[in-house]
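Notes follow once the structure below has been shown.
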Amino acid sequence: MSMLPVLPLVIPLAAASLSLAAWRRRREQRVLGLVGALLLAVAAGLLLWRTWEEGHLVMQVGSWPAPLGITLVVDLLSATMVAVTALISLAVTVYSLGSVDPSVESFGYYPLLQILVMGVCGAFLTGDLFNLYVWFEVMLMASFVLLALGGRPAQLQGAVKYVVLNLLASTFFLCGVGLLYGMTGTLNLADLARKLPVDDSPPMTTAVGMLLLVAFGIKAAVFPLFFWLPASYHTPASAVSAVFAGLLTKVGVYALLRMFTLVFIHEPGFTHRVILVLAALTMITGVLGAVAQHGMRRILSFHIVSQIGYMVMGLGLFTKTALAATIFYVVHHIMVKTNLFLVAGLVQRACGSEALKEVGGLAQARPALAVLFLVPALSLAGVPPLSGFFAKLGLAREGLARGEYTLVAVALVVGLLTLVSMTKIWNEVFWKAAPPTGRTPVPESTSERWLMMGPATVLALLTVLAGLGAQPLMTLSLHAAEQLMDPAGYTRVVLP
């Protein structure tokens with residue numbers, strides 16, 4: 001039995017445990033955090049390669065056969081998500097070495113970051129619904145402490161909003177888990193896929209599907225319960241904001257993709273139509289909220305919401321091509337949005353603030369930083385030939401092929417408004433002259449600046465490469481979408 005599927009869980013757990021043993025020893029914690037992120041990147045790369053070669057990897061923990069025991073299942077979607085998670089973990093860890101305050105580091109920042117990454121990887125790899133709930137709670141605990149770490153009033157206020165709405169999502173999730181177990185006697189995803197289509201009460205199945213849609217929709221920041229995200233993501237340290245922006249909502253999107261392509265596929269005319277409506281409303285409300293903001297991270301936080309709408313749109317269309325575009329979009333967005341929040345941290349350091357009225361002049365003072373913002377910003381708006389263009393093009397073409405003209409029009413208008421708000425940031429932060437009453441820049445050494453600029457540069461280059469050489473990523477996305485559209489294949493490998 002291959003041990004590869006468990007490595008993305010064991011590595012961050014070991015790194016976190018060793019870091020806790022080195023409590024208050026800042027140097028050791030920094031080294032352990034970096035080594036853990038590097039080892040996770042290697043393990044994730046091997047996992048993606050093996051999954052590409054073999055199609056699926058399945059591990060029955062403790063040799064208990066499914067559906068009785070804990071099952072880890074790796075297909076191309078989950079392997080891709082783990083690989084991107086490892087990339088973001090490494091980038092944010094390196095960025096943290098130059099940006100996180102020593103007092104925050106000494107209170108367990110690196111072990112908390114490792115526990116958060118372990119929770120994200122666990123959610124991508126689990127093969128049963130109850131353990132998905134467990135990994136969500138692991139993420140929630142680690143992310144709540146990271147949000148509050150530092151103790152500023154704005155952080156605590158944002159953390160309370162964050163945890164209250166996510167606990168509400170967990171309540172809906174647990175209710176859905178209980179109802180599904182009562183209906184089928186199982187929580188193994190493959191076993192649910194086998195039993196639910198022949199269930200005698202499809203209205204009840206649809207009701208449970210809608211309950212879980214609400215639970216995962218809150219986690220993914222889908223309309224209308226998304227307001228916890230822009231209220232909290234701008235409050236913590238920039239490294240924490242970056243890893244949250246890149247990864248946390250994507251776990252909710254992943255859960256929606258998994259459940260509504262594998263389990264709740266008995267009535268797509270209703271369930272996936274609801275998803276399409278939510279996608280349009282999420283895009284509209286998110287981008288309108290962004291246009292109205294005047295702080296850099298506040299604008300970027302609302303754009304997380306609007307971009308989630310594009311990902312959910314592909315699920316609602318429910319075709320192989322649409323799902324492939326969604327997977328491409330998720331990978332693109334994780335890199336781009338993480339990078340934009342990293343750049344926001346650099347702007348805050350350079351100007352002493354992220355409020356648009358208090359900053360300016362960075363195009364001349366820091367031209368490299370201006371380029372690092374421009375690349376992901378244009379990609380987010382869907383400007384060719386960057387990665388965001390191909391992701392949105394795939395969704396728009398499939399929407400037109402399915403006759404969803406209104407939805408495609410909404411997506412195109414939202415793309416234009418995204419460009420408007422990115423232009424707003426560019427004009428205020430980089431193009432206009434620095435205001436005479438601006439704040440004092442945060443002092444930083446040359447090594448700290450390079451530790452922060454390095455990850456942002458790498459992610460910007462990957463964004464360009466994903467656009468100029470989109471074919472490999474699109475091929476991977478198409479194969480992953482084929483697996484999603486074949487629930488019987490998933491069931492066969494888990495329940496032979």
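None of these values were measured; they are calculated from a predicted model.
- Here the shortest heavy-atom pairing between L473 and A466 reads CD2-CB, 4.4 Å.
- Side-chain atoms of W64 do not come within 3.5 Å of backbone N or O of V61 as any donor-acceptor pair.
- Among all heavy-atom pairs drawn from L386 and S379, the shortest one is CD1-N, 3.5 Å.
- The minimum heavy-atom distance between A41 and A86, with the atom names listed, is CA-CB, 3.7 Å.
- Between atom SG of residue C175 and atom CG of residue L212 there is a gap of 10.0 Å, rounded to the nearest 0.5 Å.
- Note: T338 OG1 to L87 CG = 8.5 Å, rounded to the nearest 0.5 Å.
- Without hydrogens or angle criteria, T326 side chain to A322 main chain gives a donor-acceptor distance under 3.5 Å.
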task = Begin from the C-alpha positions of T249 and K219 and carry the test side-chain contact (heavy atoms from CB on, under 4.5 Å) through to its verdict.
result = CA-CA 6 Å; T249 52; K219 298 286 188 181; over 6 Å; no
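- Checked for salt-bridge contact, R258 and D75 meet the test: a charged N lies under 4.0 Å from a carboxylate O.
- Here the side chain of Y109 pairs no donor or acceptor atom with the backbone of V100 at under 3.5 angstrom.
- N339 places a side-chain N or O within 3.5 Å of a backbone atom of A456 that can act as its donor or acceptor partner.
- Judged purely by atom type and a 3.5 angstrom limit, T126 has no side-chain atom pairing as donor or acceptor with the backbone of N131.
- Interatomic distance, CG of L32 versus OG of S19, reported as 4.5 Å (0.5 Å rounding).
- Residues I299 and H303 form a side-chain contact, since some pair of their non-hydrogen atoms from C-beta on lies under 4.5 Å apart.
- For the pair Q483 and L76, the tightest heavy-atom approach, listed with the atom from each and the gap, is OE1-N, 2.9 Å.
- For the pair K161 and F227, the cation-pi criterion (under 6.0 Å, within 45° of the ring axis) is not fulfilled.
- Using a distance-only test at 3.5 Å, with no hydrogens or angles considered, a donor-acceptor pair links the side chain of N188 to the main chain of D191.
- Taking the centre of each ring, F173 and F136 come in below the 6.0 Å mark.
- With respect to Y254, the ring pair (Phe, Tyr, Trp, His ring centres under 6.0 Å) criterion is satisfied by exactly one of W135, F124, F216: F124.
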key: Derivation and outcome, side-chain contact (heavy atoms from CB on, under 4.5 Å), residues I88 and L459   = CA-CA 9 Å; I88 297 305; L459 291 177; 4.3 Å; yes
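- Annotation: F144 is not in aromatic contact with Y162 [ring centroid separation under 6.0 Å not met].
- Between E105 and the options R30, Q29, R27, a side chain to side chain donor-acceptor pair (under 3.5 Å) holds for only R30.
- Within the model, atoms CG of L168 and CD1 of I218 stand 4.5 Å from one another, a figure rounded to the nearest 0.5 Å.
- Between L342 and M452, the closest side-chain pair of non-hydrogen atoms is not below 4.5 Å.
- Remark: the R349 side chain and the S99 side chain contain no N/O donor-acceptor pair separated by less than 3.5 Å.
- Under the 3.5 Å distance criterion, the side-chain polar atoms of T235 are left unmatched by any main-chain donor or acceptor of A231.
- In plain terms, the two heavy atoms of F260 and G209 that are nearest each other are CZ-O, 3.3 Å.
- None of I304, L300, V240 except one satisfies the side-chain contact (heavy atoms from CB on, under 4.5 Å) rule with Y233; the exception is I304.
- There is a side-chain donor-acceptor pair under 3.5 Å between E137 and S170.
- A distance-only check finds no donor-acceptor pair linking the side chain of Q307 to the backbone of H333 [under 3.5 Å].
- Across A480 and I327, no two heavy atoms sit closer than the pair CB-CD1, 3.6 Å.
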### Message
Please determine whether side-chain contact (heavy atoms from CB on, under 4.5 Å) holds for the pair V73 and L125, giving the CA-CA distance in whole Å, both sets of side-chain angles, and the decisive distance to 0.1 Å.
### Response
CA-CA 6 Å; V73 186; L125 295 173; over 6 Å; no
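- Checking side-chain atoms of Q155 against main-chain N and O of L147 turns up a donor-acceptor pair under 3.5 Å.
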